[in-house]
Amino acid sequence: MGEAPASFDARPIGDLICPEPDQRPDMWPWSAKRLDNGVLEIGGVSLTDLADGFATPAFVLDRADLAGRANVWATAMAEEFWDGYGMNGGDAFYAGKAFLSSDVVRVVTDAGMGVDTASLGELTMVLRSGVNPAKVGLHGNNKLDSEIERALLAGNKEGIERIFIDSLYEVGQLERIAQKLGVVARVMVRVKTGVRAGGNEYISTGHEDQKFGVGAFDGQLDEVVDSIASSDHLELRGLHSHIGSQIIGIDAFVEAATIICRLAKQIQERTGLTIPDIDLGGGAGVAYTGDDETPTSPIEIARAIAGAVRDACAELDFPVPHVSVEPGRSVVGPAMVSLYRVGAVKDATLGDGLKRRYIAVDGGMADNIRPALYGARYTATLANRVSDVEPVRSRIVGKHCESGDVIVWDVDLPSDVHAGDLLVIPVTGAYGYSMASNYNMLTKPGVIAVESGQARWIMRPQTIDDLLELDTGLASLATANDT
Ligand code: LLP
């Protein structure tokens, strides 16, 4: 045998089989199950019915699962930071960038979460969905005036509760806009704690050499705090840290929590300002393939950071602040799957007797850019049937004009997978739809919510007309040209 190609997973065939819902319930919506006829069902609806009655490709959201995950986060934070334990309250804000729709916003807020946003689009959608501005945050390292204005005018000038200041530049910008509007902006300062964490360099956001936050140890934080303190239009509510995304384990969260408490104490000693709030960001990881590390549960994370905050505050003789977190991926990731229909299947001859099966589906990198962008790994299984024929190492690819258009790099699928079969990819709820594009002028798939045997679009699929409407030149050309 020759050298395996770089991305070839050399494990024996059969080692990369997607776990069934009953084997790895954490990787599937809670209602997912394989029916006796071999068809996968989610929310009481079979995926074959969804494919035939709605469309492929599609994202499928288990609403009850999403509500459950949101509830676990909200409850874990409320419980671990309960006043009765000597704490000062805890909250969880859903990081809307993972996936937003008004229905999702309703589900997570009904479950007790607030919502964090990072752009005018996200903020507008969340406010228009009816979320109480007191339960909304605004992030961004380069906020536009229009974003800040919208945040400050929300709820008829009550403004949203948390605007996260990312630089000294932004202090001036916020002060100018708050003054113009005649309001006081409640702000938190995003700090670089120096903690390095996260699934890869693109999503590691706490260390010095990246664009988010102000330096904690080079005088920048002091400068920002002093300039907020000297403004009549800004009120310092707290400190914020988001160290990264797809983090497994609790050590990095504990380290960041401890550092943030120390920084809060230093600010108090230096300026006399109290720091009533700290936010420890998102980042809890999820399992994508079944052979990756087992993620830490929200309860373990909440308990660990509560312990770290309690210990640090006791040691520093500092009043325990209110604590919030901003999970995205761990709330919506496993609540959704992607459903595709198989088209072309072919084998590539790699030499030295090696072959790789390429299974093409009707979506691709435009509805899931993560494998191409980060080398992210997923797994897949047949949704419309089971098969006991020998598995073959397969690569699931899309229909875009790029060889990097891969959805699943390596998975062992039955060798009889053929055109017309349905494939389901678990754990695509976070950063799938929200990072989707229209590359090759493919329309974005819709999102079907399933619950108690009912299914409905919560985001309808885009149409070609949706795309063409943007083209100012096309409007004047007769549709007769289409024929
Ligand atoms: N808070 C802040 C300030 C954030 O920047 C993020 C994510 C979160 C919370 C939520 O983090 P989560 O719990 O979802 O890990 N597109 C990448 C992930 C980018 C994360 C950006 N910030 C991916 O697909 O892996």
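Just so you know, these numbers come straight off a predicted model, no measurement behind them. If you read the sequence from its start, that first residue is 1, and numbering goes on from there.
Here the straight-line distance linking atom NZ of K97 with atom OG of S119 works out to 9.5 Å at 0.5 Å rounding. Considering OG1 of T117 and OH of Y94, their distance stands at 12.5 Å, rounded to 0.5 Å. R460 CZ to I448 CD1: the interatomic distance, rounded to the nearest 0.5 Å, is 14.5 Å. Note that CG of L152 and CD1 of I177 are 7.0 Å apart. Values are rounded to the nearest 0.5 Å. Here the CD atom belonging to E41 is positioned 9.5 Å from the CG atom belonging to D49, to the nearest 0.5 angstrom.
Salt bridge annotation for R162-D279: present, with a cationic side-chain nitrogen under 4.0 angstrom from a carboxylate oxygen. A salt bridge links D103 with R456; the closest basic N to acidic carboxylate O contact falls under 4.0 Å. A salt bridge links K143 to E170: at least one charged side-chain nitrogen sits closer than 4.0 Å to a carboxylate oxygen. A salt bridge does not link D209 to K192: none of the charged nitrogens lies less than 4.0 Å from a carboxylate oxygen. Looking at R377 and D410, a side-chain N of the basic residue comes within less than 4.0 Å of a carboxylate O on the acidic one, giving a salt bridge. In this structure, D145 pairs ionically with R176, as a charged nitrogen and a carboxylate oxygen lie closer than 4.0 Å. Salt-bridge formation is not detected for the pair R341/D362: no Lys NZ or Arg NE/NH1/NH2 atom is positioned less than 4.0 Å from an Asp or Glu carboxylate oxygen.
Between the side chain of S324 and the backbone N or O of D91, no donor-acceptor pair lies under 3.5 Å. With hydrogens and angles ignored, the 3.5 Å screen pairs no side-chain donor or acceptor of T75 with any backbone N or O of V72. Between the side chain of E235 and the main chain of R186, no donor-acceptor pair closer than 3.5 Å is present. In this structure, T428 contributes its side chain and S338 its backbone to a donor-acceptor pair below 3.5 Å. A donor-acceptor pair is defined here as one N or O able to donate and one able to accept, closer than 3.5 Å; such a pair exists between the side chain of K157 and the backbone of L181. Remark: side-chain polar atoms of Q462 are paired, donor with acceptor, to backbone N or O of K444 under 3.5 angstrom. Panel note: side chain T379, backbone T289; no donor-acceptor pair is recorded below 3.5 Å. Judged by distance alone, with hydrogens and angles left aside, the side-chain atoms of S230 form a donor-acceptor pair with the main-chain N or O of S227 at under 3.5 Å. Between the N384 side chain and the L422 main chain, a donor and an acceptor come within less than 3.5 Å of each other. The closest donor-acceptor contact from the side chain of N141 to the backbone of K211 lies at 3.5 Å or more, if one exists at all.
Ring geometry for F59 against Y433 counts as perpendicular: the plane angle is over 60°, on a 0 to 90° scale with 30° as the lower cut. Ring geometry for F54 against W457 counts as perpendicular: the plane angle is over 60°, on a 0 to 90° scale with 30° as the lower cut.
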Criterion side chain to side chain contact (heavy atoms under 4.5 Å, CB included) on F212 and H242, from CA distance to verdict: CA-CA 9 Å; F212 295 105; H242 172 73; over 6 Å; no
Please lay out, stage by stage, how Y378 and I407 fare under the test side chain to side chain contact (heavy atoms under 4.5 Å, CB included). CA-CA 7 Å; Y378 288 87; I407 297 175; 5.5 Å; no
With side chain to side chain contact (heavy atoms under 4.5 Å, CB included) as the test, would you mind laying out the steps for F81 and I305 before giving the verdict? CA-CA 9 Å; F81 290 88; I305 57 177; 3.8 Å; yes
As a quick check of understanding, evaluate side chain to side chain contact (heavy atoms under 4.5 Å, CB included) for L144 and L120, giving each step before the final call. CA-CA 8 Å; L144 307 175; L120 187 59; 5.8 Å; no
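Using a 4.5 Å heavy-atom cutoff, the side chains of M87 and V323 are not in contact. Side-chain contact check for Q173 versus S167: every heavy-atom pair is 4.5 Å or farther apart. Contact of the Q246 side chain with the Y431 side chain is not registered, since no non-hydrogen atoms from C-beta on lie closer than 4.5 Å. In this structure, V325 and W73 have side chains that are in contact, with non-hydrogen atoms separated by less than 4.5 Å. Residues V337 and P29 form a side-chain contact, since some pair of their non-hydrogen atoms from C-beta on lies under 4.5 Å apart. Using a 4.5 Å heavy-atom threshold, the side chains of V332 and M336 count as touching. Proximity of W409 to R395: side-chain heavy atoms (C-beta onward) are separated by under 4.5 Å at one or more points. Contact of the S330 side chain with the P295 side chain is not registered, since no non-hydrogen atoms from C-beta on lie closer than 4.5 Å.
When all heavy atoms of L236 and P276 are compared, the closest pair comes out as O-CD, 4.4 Å.
H322 and N88 share no donor-acceptor pair across their side chains, judged by distance under 3.5 Å alone. No hydrogens or angles considered: a donor-acceptor pair under 3.5 Å links the side chains of D367 and Y340. For the residue pair S297 and E300, a side-chain donor N or O sits within less than 3.5 Å of a side-chain acceptor on the partner.
Within 6.0 Å of the CZ atom in R303, the count of heavy atoms belonging to other residues, nucleotides or ligands does not exceed 12.
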Which donor-acceptor pairs under 3.5 Å do the side chains of residues 214-221 make with protein atoms, sequence neighbours left out?
residue : atom : partner : partner atom : Å
D218    : OD1  : Q220    : N            : 3.2
D218    : OD2  : Q220    : NE2          : 3.1
Q220    : OE1  : G215    : N            : 3.2

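Judged as a side-chain hydrogen bond (donor to acceptor under 3.5 Å, both in side chains), not a single pair has a partner in residues 129-138 (not counting sequence neighbours).
Checked against the 6.0 Å centroid criterion, the rings of H139 and H240 qualify as a close aromatic pair.
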